[in-house]
Number of protein chains: 2
Amino acid sequence: MKSVAEIRFTPDPLLPEPLYHQIKEYIKQKIMQGEWTPGMRLPSQRALATAFKVNRSTIIAALDGLHSEGLIETNYGGGTKVSRAGWNTMSTPLLNWEDYVESGNHYPNLPEVQIINQSEYRCDIIRLGTGELAPDLLPQSYFQKIYEKLAQHAPSLGYLEPLGSYKLRQAISSYLADQQIQASPESIIIVSGSLQAMQLIAMGLLPRKSSVLVEKPSYLYSIHAFQSAGVRMIGMPMDKEGLLTAELGRYIRENRPSLLYTIPTFQNPSGVVMSDKRRTELIQTAEATGLAILEDHAYADLWLDEKPPLSLKARDPGSYVLHMGTLSKSVSPGLRIGWVAGPETVIQRLADIKMQTDYGASSLAQEAATLWFTEGYHDIHLAEVREALIRKRNLVLDILARNLAGAAEWNVPQGGFYIWLKLLNGTRPETLFRRALAEGILLNPGSIYDRFDQNHIRISFAYASVTELEKAIIVLSQLISS
Amino acid sequence: MKSVAEIRFTPDPLLPEPLYHQIKEYIKQKIMQGEWTPGMRLPSQRALATAFKVNRSTIIAALDGLHSEGLIETNYGGGTKVSRAGWNTMSTPLLNWEDYVESGNHYPNLPEVQIINQSEYRCDIIRLGTGELAPDLLPQSYFQKIYEKLAQHAPSLGYLEPLGSYKLRQAISSYLADQQIQASPESIIIVSGSLQAMQLIAMGLLPRKSSVLVEKPSYLYSIHAFQSAGVRMIGMPMDKEGLLTAELGRYIRENRPSLLYTIPTFQNPSGVVMSDKRRTELIQTAEATGLAILEDHAYADLWLDEKPPLSLKARDPGSYVLHMGTLSKSVSPGLRIGWVAGPETVIQRLADIKMQTDYGASSLAQEAATLWFTEGYHDIHLAEVREALIRKRNLVLDILARNLAGAAEWNVPQGGFYIWLKLLNGTRPETLFRRALAEGILLNPGSIYDRFDQNHIRISFAYASVTELEKAIIVLSQLISS
Ligand SMILES: Cc1ncc(COP(=O)(O)O)c(C=O)c1O
Ligand SMILES: Cc1ncc(COP(=O)(O)O)c(C=O)c1O
């Protein structure tokens with residue numbers, strides 16, 4: 001993994017020193033302070049020019065200066081690195097942090113995901129990849145009221161209980177009861193988002209070399225929670241009704257999986273809703289074979305046309321289902337509040353590991369989330385978000401229909417905010433990803449969700465504004481058609 | 001690991017059903033709902049009696065009822081478990097969650113630590129173990145002002161940048177500059193407490209089977225971040241001036257460690273401050289041998305008598321030191337805000353893993369922390385806390401001197417809030433731990449911080465009130481003397 005340095009500095013043309021010199025001095029200081037260490041690869045000249053907001057020639061002049069002072073060196077591959085000899089005038093340092101970065105257990109993010117993570121914060125970019133609501137759809141004003149409440153009753157600032165705030169667990173218990181899920185507060189753990197829940201489950205419940213069944217494509221392929229814990233993921237086929245339950249028996253016999261991970265409702269990335277029939281079959285198979293199910297309900301609140309079928313957890317005859325939810329997709333990703341409901345043995349084990357991982361979710365976030373539910377904002381807000389999402393979805397579907405009929409195929413999402421677009425004319429998703437990025441449009445190539453995918457992209461209509469969507473989908477259509 | 005179920009229910013004596021029956025029905029429902037799963041071990045009769053606030057005989061009657069309905073069973077060891085046969089009238093379930101709990105990669109917390117984590121939330125307990133400020137020392141009123149500010153300017157609720165909020169990193173950069181640590185915002189990552197930082201470092205920088213040097217005793221022995229990543233910890237001797245730097249060369253030659261983890265200032269649990277001389281020697285050794293250092297600065301702000309020597313990071317000639325800080329000990333543990341400053345390659349790698357772990361710290365907590373620094377509350381608050389801690393420290397030292405001279409030996413903490421008490425009269429720390437718990441006093445046996453320790457306990461004077469301290473230290477002294 002080669003990480004890219006963050007650069008916020010831009011040289012000032014009003015200063016007497018030339019721009020290249022200011023840049024040279026900036027980098028020199030970084031090296032002298034030990035923040036850029038020997039062996040660290042510098043960003044490309046083009047990336048540096050973008051970051052410092054100067055011409056490439058200015059960058060070249062700055063690098064020349066650093067080179068002649070022995071601070072950087074060029075290797076055979078053409079990359080530029082902080083020099084191992086020159087950083088300290090005394091001696092060559094014996095410590096090489098680059099080795100450390102290469103050697104940890106945990107997998108680095110996929111390269112595309114890293115580029116995406118970093119590009120998302122560029123202000124000139126239109127984000128069609130981002131799986132989050134646009135800033136203007138986030139409930140800022142309700143949260144203002146929540147902060148006022150917090151100011152009045154000053155919540156605890158101390159460490160919290162292992163399972164998380166009891167009041168919040170009560171609130172989530174009754175939120176789940178509204179969805180016909182019976183889960184008492186003791187059987188719920190609060191996590192810092194459901195991504196963390198997956199990490200805890202991978203570390204706490206699954207032995208190395210065990211395997212997990214996953215829909216293919218799936219969000220789970222975009223993260224490394226399971227692989228990093230040495231757990232194998234086995235992709236299962238799905239169609240427009242969701243996971244092919246008819247295949248389950250065979251997959252279970254052949255792979256003896258520890259768990260099935262599924263996103264039955266508004267699947268990421270395919271948008272598919274598992275049908276009522278398949279849900280029933282899945283639960284029956286679980287009962288017949290002892291299959292443990294991890295249900296990811298991240299998008300379930302975001303139905304657009306009609307309520308989705310009951311969750312797997314609501315149908316659970318015993319305790320086959322661990323059920324995961326989050327406020328990230330429907331309310332606020334930055335809050336970092338999610339939960340898992342399941343057997344108490346499991347919940348206690350996850351709590352124990354959570355205590356070892358970060359001592360629990362932020363009390364401030366938990367208090368805010370409690371008020372979010374108890375003050376009744378959740379439902380009001382969802383009604384508003386639904387309306388906005390329907391408008392955006394329809395806009396995107398319209399443009400696609402007008403421009404890409406024949407060249408691509410896509411789903412009509414009934415909820416969530418993803419369009420899983422299949423390229424029919426041979427355009428390669430990776431090529432499209434790069435071309436779109438050059439045009440200032442960020443989208444997610446299908447390979448993030450299925451390593452062998454060659455013909456899908458995922459478009460989210462949640463983040464970009466209506467104007468941006470209009471512009472970007474047209475540009476994208478042109479890139480695909482050309 | 002056997003987790004202990006959380007029980008909040010207490011039977012109501014005003015209801016017509018007898019108490020034992022209410023308890024029986026409560027447990028039955030737990031089992032029927034699948035929250036207490038087959039194979040789950042029930043808490044002991046005594047623990048159940050405490051939890052339900054009834055006599056042991058009531059518990060026995062309830063268990064008898066459950067037994068005769070086939071819902072629970074007693075095994076040879078005398079433990080009571082949820083029955084594998086009776087939970088579902090149809091058939092024996094094939095899924096056994098107990099197996100999962102046994103089989104994850106991650107180590108469970110030490111049994112003592114689990115008991116401590118759970119007992120801390122009992123309201124009748126005096127907490128001498130707890131490493132956190134008392135509720136009345138937490139800056140509730142300043143945070144009230146912060147919430148008011150938040151209500152006015154409504155911070156972002158979106159996902160945050162991989163390194164964390166830039167404003168917060170700027171604030172921490174200048175906070176560090178006040179301590180003569182040069183670290184620009186790009187070389188700082190925000191984490192959900194420094195415990196998480198250790199987890200990220202263990203997962204992201206250290207290969208399996210590598211080893212880490214640690215002071216012995218150390219906080220690091222109480223957590224499993226490193227062991228769970230397959231990293232070996234090698235304890236190094238220390239004395240009243242801190243780590244024995246004279247031994248370092250040998251330990252490095254013999255163990256080729258990836259890292260040295262040290263808490264040079266107000267060490268947990270010993271309270272020791274590494275002397276100026278030793279700090280210089282440590283840095284010199286790092287330079288000479290290429291040793292990477294992880295400096296944990298958790299308690300440094302809490303100096304009581306005089307400012308401690310400059311941190312290792314402030315003396316770092318190149319980039320040997322990763323420097324970790326947190327708001328947990330001096331401001332608010334519940335906020336979950338910490339940071340790491342170091343070479344950008346390392347910081348970027350940690351950020352990449354953090355994004356995979358929980359997508360970053362809560363934006364709400366980050367905004368609050370930013371205001372905490374920028375509004376200048378940090379210094380005012382610290383002055384207040386110091387005064388209160390000095391009072392409490394002196395009180396405890398007084399009582400100890402009056403009651404335990406000869407029977408024990410202890411340090412006079414110059415900062416932080418731990419007294420590391422050595423039992424000289426043969427009292428076993430584990431026995432003392434249990435006896436004290438029976439008297440409603442929670443303390444930490446030394447074995448948490450050094451598996452082979454046989455004669456220390458750690459007393460924190462931060463959490464208990466003055467009245468509680470007075471009472472508890474006297475009881476403790478009696479337990480030790482008797
Ligand atoms: C299906 C699914 N589950 C979980 C998550 C993680 O969400 P969070 O950790 O913010 O709760 C995502 C985010 O993209 C997702 O798409
Ligand atoms: C030395 C030391 N470092 C780090 C921590 C973890 O603190 P947090 O994760 O709350 O920042 C503790 C807490 O006890 C500690 O004693």
Side-chain angles (χ1 to χ4, degrees), chain A residues 3 5-6 33-35 37 40 93-95 97 100-101 103-106 108-109 117 121 138 140 144 147-148 150-151 154 157-159 161 182 186-187 192-193 195-196 199 203-205 207 224 290 292 318-319 332-334 336 343-346 348-349 352-353 356-358 362-365, chain B residues 3 5-6 33-35 37 40 93-95 97 100-101 103-106 108-109 121 138 140 144 147-148 150-151 154 157-159 161-162 182 186-187 192-193 196 199 203-205 207 224 290 292 318-319 332-334 336 343-346 348-349 352-353 356-359 362-365:
Chain A
S3 50
E6 184 191 63
Q33 274 184 215
E35 293 180 358
T37 38
M40 186 188 114
L94 295 165
L95 174 57
W97 285 109
Y100 284 75
V101 167
S103 61
N105 284 308
H106 206 284
N109 249 318
N117 282 344
Y121 301 97
L138 298 179
Q140 300 285 6
Q144 242 160 318
Y147 303 142
E148 282 162 20
L150 288 176
L157 293 165
Y159 280 113
E161 300 172 63
Q182 283 195 330
E186 303 86 54
S187 70
S192 307
L195 179 60
Q196 187 186 47
Q199 193 88 21
M203 292 196 298
L205 301 180
H224 290 306
S319 49
S332 161
R336 308 309 305 134
E344 291 187 26
T345 326
V346 172
Q348 290 286 345
R349 165 77 169 153
D352 184 48
I353 301 175
Q356 296 186 54
T357 304
D358 63 7
S362 175
S363 55
L364 200 45
Chain B
S3 51
E6 186 191 61
Q33 272 183 219
E35 295 181 357
T37 38
M40 187 187 114
L94 295 164
L95 173 58
W97 284 109
Y100 284 73
V101 168
S103 61
N105 284 309
H106 206 283
N109 248 318
Y121 300 97
L138 298 178
Q140 301 284 6
Q144 242 160 319
Y147 303 142
E148 282 162 18
L150 289 176
L157 293 166
Y159 279 114
E161 301 172 63
Q182 284 195 329
E186 303 86 54
S187 71
S192 306
Q196 188 186 47
Q199 193 87 22
M203 293 196 298
L205 302 180
H224 290 306
S319 49
S332 160
R336 307 310 305 134
E344 291 187 25
T345 326
V346 172
Q348 290 285 346
R349 166 77 169 152
D352 185 49
I353 301 175
Q356 295 187 55
T357 304
D358 63 6
Y359 290 128
S362 175
S363 55
L364 200 45

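Here is how names work: the chains are called A, B, and so on, in the same order as the sequence lines, proteins then strands, and each is numbered from 1.
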- Could you check which of B:G193, B:A151, B:S363, B:P207 has the highest count of heavy-atom pairs closer than 4.5 Å to chain A?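 Answer, by heavy-atom pair count under 4.5 Å with chain A: B:A151.
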- Message: I'd like to know which of B:Q196, B:M203, B:E148, B:H224 tops the heavy-atom pair count under 4.5 Å against chain A.
- Response: B:M203
What pair of heavy atoms forms the shortest contact from [X] to [Y], and how long is it?
X	Y	answer
A:L157	B:Y147	CD2-OH, 3.9 Å
A:P343	B:T37	CB-CG2, 3.5 Å
B:S319	A:W97	O-NE1, 2.5 Å
B:M40	A:T345	CG-OG1, 3.6 Å
B:S187	A:E35	OG-OE2, 3.1 Å
A:V101	B:R349	O-NE, 3.3 Å

- Taking atom CG of A:D358 and atom CG of B:D358, what is their separation to the nearest 0.5 Å?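 The CG atom of B:D358 is 6.5 Å from CG of A:D358, to the nearest 0.5 Å.
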- Task: Decide if atom CD of A:Q182 counts as having more than 12 heavy atoms of other residues, nucleotides or ligands within a radius under 6.0 Å.
- Result: no
- Query: Using a cut-off of under 4.5 Å for heavy-atom pairs, which of A:L364, A:L150, A:L195 has the most such pairs with chain B?
  - Reply: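 Answer, by heavy-atom pair count under 4.5 Å with chain B: A:L195.
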- Query: Who pairs with B:S332 by side-chain hydrogen bond (donor to acceptor under 3.5 Å, both in side chains), at least two apart in sequence or on another chain?
  - Reply: none
- Task: Below 4.5 Å from any heavy atom of chain B, which atoms of A:Q356 appear? Answer side chain, backbone, both or neither.
- Result: both
- The interface call for B:Q140 against chain A, heavy-atom contacts under 4.5 Å, is both
